Undergrad: 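Below you will find the structure I want to go over with you.
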2 protein chains.
Amino acid sequence: MVDVSNMPPLDDRKHKILMLLIQNYLETGEPVGSRTLSKLLTDNLSSATIRNEMADLEEMGYLTSPHTSAGRIPTDMGYRFYVNEIMNEHDKKIESMEEFVIEKTEKMEKVLQQVVKTLAVNTNYATMITTPSTNKNRVKFIQLSLFEECKLVALIVMDGNIVKNKVIELNEGIDQETILKLNLLLNTTLNGLSKEEINLGVIARMKEQSEGYQEIVNNVLDAIAEAFTEDEDLEVYTSGATNLIKYPELADKDNAEKLLLAFEDKSELREFLEEAKEDVSEDGIRVYIGDESNVSSMQDCSVVTATYDLGNGMSGHIGIVGPKRMDYKSVLESLKNIKEQLDSTFKGEKRIEKKKN
Amino acid sequence: MVDVSNMPPLDDRKHKILMLLIQNYLETGEPVGSRTLSKLLTDNLSSATIRNEMADLEEMGYLTSPHTSAGRIPTDMGYRFYVNEIMNEHDKKIESMEEFVIEKTEKMEKVLQQVVKTLAVNTNYATMITTPSTNKNRVKFIQLSLFEECKLVALIVMDGNIVKNKVIELNEGIDQETILKLNLLLNTTLNGLSKEEINLGVIARMKEQSEGYQEIVNNVLDAIAEAFTEDEDLEVYTSGATNLIKYPELADKDNAEKLLLAFEDKSELREFLEEAKEDVSEDGIRVYIGDESNVSSMQDCSVVTATYDLGNGMSGHIGIVGPKRMDYKSVLESLKNIKEQLDSTFKGEKRIEKKKN
DNA sequence: ATTAGCACTCAAACTTTAGGAGTGCTAACA
DNA sequence: TGTTAGCACTCCTAAAGTTTGAGTGCTAAT
């Protein structure tokens with residue numbers, strides 16, 4: 001892990017050389033030598049001079065060389081320096097990306113899958129996104145209906161118009177009047193309550209009043225509980241995992257397998273994104289280099305995350321995973337871009353449907 | 001593609017040698033030489049004799065050799081012979097597989113994911129499964145409820161107790177009586193009808209009677225249409241795609257990428273499974289060797305598919321993808337096993353819930 | 001402080017070599 | 001006539017050696 005507090009300051013020339021070297025490395029993927037830099041640099045410095053500077057930068061911990069006679073590549077600290085640097089460049093105009101169009105779709109699920117796919121195709125990295133989650137969810141409306149002899153369906157509408165339903169099988173018939181009474185009871189008791197507010201007291205009182213239909217009440221409570229928890233364990237959609245094996249430094253058999261496995265299983269990703277939610281910067285974008293992500297399979301990767309916000313208290317996380325030498329600039333831009341798109345896609349839509357049961 | 005009608009008949013000895021050779025190749029993954037077979041064979045035949053037989057088998061098209069001085073490996077026709085052969089061995093006792101336990105879960109989606117995962121872990125191949133689909137679906141029950149000023153939710157129960165709901169936003173308020181009337185209208189008109197039976201005539205008649213609430217009727221019809229079609233484009237769940245790159249013959253960069261891509265994208269898989277549905281054998285299990293599957297990325301793979309049946313007219317497809325030298329015997333057993341498990345898992349449950357909206 | 005020059009290092013690519021597994025063919029045998 | 005031993009031959013594989021070129025560190029001159 002890079003200790004940011006321990007990054008020696010650089011004079012102008014070193015700064016320039018370091019940035020140029022990293023940029024070049026990001027483009028080529030090859031270690032960068034002194035001659036290359038000397039040619040690239042506007043101030044006419046000889047390769048020998050650059051060599052000296054590079055030796056210094058190596059000593060300071062910004063650079064390293066894969067072996068004696070190769071050029072230099074950035075260390076994690078080098079990357080960190082670079083990323084900090086470009087994050088400071090105040091948002092330049094966002095160039096319109098090629099076809100970053102998200103079709104309006106009915107289903108949240110589909111939209112998210114489209115988003116990750118678009119991102120993956122455009123960036124050539126692996127991408128992931130969580131379903132949005134609300135923090136404070138309340139019950140809004142409950143309705144029981146008999147749709148067949150001995151078969152009830154419970155319909156529950158939650159805050160944010162998330163709809164949940166559950167089929168309840170009865171042992172014996174039930175008349176419409178009873179259903180009406182139960183509906184009234186359920187609605188008057190539960191509407192407007194949050195998860196925390198539906199406590200034992202409330203439940204007991206309700207059961208008392210439900211005379212002989214506790215079974216139904218139990219079922220409804222189950223469904224509500226499910227709706228609450230379902231909302232908590234966020235789904236993660238991914239795309240472009242295979243992009244990663246295009247990058248030689250990630251493609252070695254062992255590593256590639258672990259990476260792809262992580263993207264198949266997703267539980268590690270979910271954990272990571274859940275944690276990432278907590279340490280967001282002001283603009284919601286954050287870069288994790290190497291082991292900063294704390295995901296072992298991604299030791300050799302960098303991850304860029306962003307939050308997206310749907311306005312009505314719902315928000316989720318997007319992440320882009322690539323090699324450490326990923327094109328940070330364009331990734332940052334893409335993320336900002338997609339954030340905006342997501343916002344505007346849902347801003348017009350008052351209704352958000354969510355996949356359920 | 002193997003032309004089954006063109007497979008020369010084999011005498012006993014050739015038959016024995018071919019089967020033994022393939023079996024050995026499945027185990028080791030290495031080309032099999034004449035000496036190996038000579039030692040393995042119970043009848044004491046010299047390697048020279050075996051060599052002659054092998055030359056014959058090669059000429060017939062059952063075998064091939066990767067290069068002059070390697071042993072022999074089966075051609076696709078060889079595999080086909082082997083598979084046909086072992087499919088004929090009447091169901092031997094199915095050994096209880098290690099932990100083939102599917103926890104009962106509420107959600108179909110979760111169950112299917114568990115199934116593919118279990119299969120993948122147990123077989124070490126890649127697996128896929130489609131959501132079950134019904135052919136003849138009918139509307140069973142419709143209910144409109146007002147849950148908020150100007151917000152209706154339409155609840156639609158289909159055959160097989162598939163529940164669908166749709167939120168409808170109104171421009172102006174609506175009174176309970178009108179809702180009752182609409183409910184009555186919708187139910188009397190649509191209940192019991194199939195997709196085909198809801199035609200223009202029915203729709204027109206209903207709209208006529210709905211006086212000024214055509215918008216709501218339209219919305220309900222939309223939701224019904226969605227429920228019908230949704231059922232048609234089956235979802236595909238996969239697991240263990242990364243298992244495939246463990247097999248050297250599939251792991252070469254190019255091929256591996258295509259394969260993994262196919263498993264990420266899934267549309268090719270969906271197509272394949274949809275087609276597979278149509279040419280099932282009596283026990284519902286079928287083996288596709290190499291290009292028999294007609295999926296280009298799986299040219300070097302074999303696919304074993306099975307149908308599973310949920311009883312109430314709903315059925316889906318499972319597939320296992322591995323190298324051509326996959327352990328056909330155990331895969332066939334696993335599939336039979338899982339089929340049974342799926343059946344019994346749902347047999348007890350009268351209610352099948354399905355992911356919707 | 002900068003630079004030219006030079007000896008040195010090392011990975012990558014290519015070549016060479018040796019070894020071994022397996023074949024096809026022939027001739028001998030039961 | 002089917003089977004087998006023997007042998008020359010092929011071709012893959014792995015190991016060892018060779019070449020090349022990019023790049024470095026150091027030193028001495030400017």
Side-chain angles (χ1 to χ4, degrees), chain A residues 10-18 20-25 27-75 78 247-249 251-253, chain B residues 10-18 20-22 24-25 27-75 78 248-249 251-253:
Chain A
L10 301 180
D11 62 46
D12 266 16
R13 196 164 75 185
K14 285 200 172 55
H15 184 292
K16 204 166 169 185
I17 289 175
L18 180 57
L20 198 61
L21 187 149
I22 297 183
Q23 206 150 326
N24 194 266
Y25 179 64
E27 280 161 25
T28 65
E30 298 290 320
V32 185
S34 52
R35 245 176 71 83
T36 316
L37 284 183
S38 153
K39 269 183 285 182
L40 244 45
L41 226 42
T42 46
D43 359 12
N44 289 34
L45 289 177
S46 78
S47 62
T49 315
I50 310 270
R51 268 206 293 288
N52 291 332
E53 296 289 44
M54 282 162 81
D56 290 352
L57 285 167
E58 175 158 9
E59 204 179 350
M60 294 182 189
Y62 288 106
L63 296 178
T64 186
S65 49
H67 58 87
T68 359
S69 71
R72 301 294 211 298
I73 59 173
T75 58
Y247 301 92
E249 66 266 47
D252 84 288
K253 206 82 191 255
Chain B
L10 301 179
D11 62 47
D12 265 17
R13 196 164 73 183
K14 285 203 173 54
H15 184 295
K16 204 165 169 185
I17 288 175
L18 181 56
L20 198 62
L21 187 148
I22 298 182
N24 193 266
Y25 179 63
E27 279 161 25
T28 63
E30 299 290 320
V32 185
S34 52
R35 245 177 72 83
T36 318
L37 284 182
S38 153
K39 269 183 283 183
L40 244 45
L41 227 41
T42 46
D43 359 12
N44 289 32
L45 289 176
S46 78
S47 62
T49 314
I50 311 269
R51 268 205 292 287
N52 292 331
E53 296 288 43
M54 282 162 82
D56 290 352
L57 285 167
E58 176 158 6
E59 204 179 349
M60 293 182 190
Y62 288 106
L63 296 178
T64 187
S65 50
H67 57 87
T68 1
S69 72
R72 300 295 208 300
I73 59 174
T75 59
E249 66 267 46
D252 84 288
K253 208 76 191 263

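This is a predicted model, so every value here is computed, not measured. Just so it is clear: chains get the letters A, B, ... in the order the sequence lines come, proteins before strands, and each one is counted from 1.
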Undergrad: Tell me the bend of the helix from C/dA1-D/dT30 to C/dA30-D/dT1 as the angle between end helix axes, each from five pairs, rounded to the nearest 10 degrees.
TA: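 About 20° separates the two local helix axes.
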Undergrad: Check the interface with nucleotides 14-16 of chain C: list each N/O to N/O pair with the protein under 3.5 Å, or write none.
TA:
none

Undergrad: Are A/Thr49 and A/Arg13 packed together at the side-chain level, in the sense that at least one heavy-atom pair is separated by less than 4.5 angstrom?
TA: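 Yes, their side chains come closer than 4.5 Å.
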Undergrad: So, taking the atom named NE2 in A/His15 and the one named CD in A/Glu53, what distance separates them when rounded to the nearest 0.5 Å?
TA: 13.5 Å
Undergrad: Please enumerate all residues that pass salt bridge (charged side-chain N to carboxylate O under 4.0 Å, His left out) together with B/Glu249, with sequence neighbours excluded.
TA: B/Arg325
Undergrad: Given atom CG of A/Asp11 and atom C1' of C/dA1, what is their separation to the nearest angstrom?
TA: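 Atom CG in A/Asp11 sits about 13 Å away from atom C1' in C/dA1.
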Undergrad: Which letter, B, S or -, goes with each nucleotide of nucleotides 20-30 of chain C from 5' to 3', with contact meaning a protein heavy atom under 4.0 Å?
TA: -BBBBB-----
Undergrad: In a check of side chain to side chain contact (heavy atoms under 4.5 Å, CB included) between A/Val32 and each of A/Leu21, A/Ile22, A/Leu40, which one passes?
TA: A/Leu21
Undergrad: Can you check the A/Ile73 CD1 to C/dA11 C1' distance for me, whole Å?
TA: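 Whole-Å distance recorded here is 14 Å.
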Undergrad: As a quick check of understanding, evaluate side-chain contact (heavy atoms from CB on, under 4.5 Å) for A/Leu37 and A/Leu45, giving each step before the final call.
TA: CA-CA 9 Å; A/Leu37 284 183; A/Leu45 289 177; over 6 Å; no
Undergrad: I need the full list of ring-ring contact (aromatic ring centres under 6.0 Å, His included) pairs touching residues 47-73 of chain A, with sequence neighbours left out, sorted by first then second residue.
TA: A/Tyr62-A/Phe81
Undergrad: Counting C-beta onward and ignoring hydrogens, is there a side-chain heavy-atom pair between A/Leu57 and A/Leu10 closer than 4.5 Å?
TA: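 They are in contact (side-chain heavy atoms under 4.5 Å apart), so the answer is yes.
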Undergrad: Mind checking A/Asn44 for me? I need base, sugar-phosphate or nothing, with any heavy atom below 4.0 Å counting as a touch.
TA: sugar-phosphate
Undergrad: Quick one: does any side-chain atom of A/Ser65 pair with a main-chain N or O of A/Thr68 as donor and acceptor, under 3.5 Å?
TA: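 No.
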Undergrad: Without decimals, in angstroms, what is the distance between A/Arg13 CZ and C/dA1 C1'?
TA: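 For the pair A/Arg13 CZ and C/dA1 C1', the rounded distance is 8 Å.
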Undergrad: Indicate yes or no: at least one non-hydrogen side-chain atom of A/Asp56 is less than 4.5 angstrom from one of A/Lys14.
TA: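 Contact flag for A/Asp56/A/Lys14 side chains = yes.
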Undergrad: Would B/Leu20 and B/Lys16 count as a side-chain contact (heavy atoms from CB on, under 4.5 Å) here? Give the steps.
TA: CA-CA 6 Å; B/Leu20 198 62; B/Lys16 204 165 169 185; 5.8 Å; no
Undergrad: Rounding to an integer number of Å, can you tell me how far B/Leu41 CG sits from D/dT4 P?
TA: 11 Å
Undergrad: More than 12 non-hydrogen atoms from neighbouring residues, nucleotides or ligands closer than 6.0 Å to CG on A/Asp12, yes or no?
TA: no
Undergrad: Rounded to the nearest 0.5 Å, what separation is found between the NZ atom of A/Lys39 and the CG atom of A/Asn44?
TA: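 Between A/Lys39 NZ and A/Asn44 CG, I get 13.5 Å after rounding to 0.5 Å.
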Undergrad: Is the side chain of B/Thr75 donor-acceptor paired with the backbone N or O of B/Gly61 at a distance under 3.5 Å, no angle test?
TA: yes
Undergrad: Would you tabulate the pairs of protein nitrogen or oxygen atoms and nucleotide nitrogen or oxygen atoms of nucleotides 14-17 of chain D closer than 3.5 angstrom?
TA:
none

Undergrad: Distance check needed: C/dT2 P versus A/Glu53 CD, whole Å only.
TA: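 Whole-Å distance recorded here is 8 Å.
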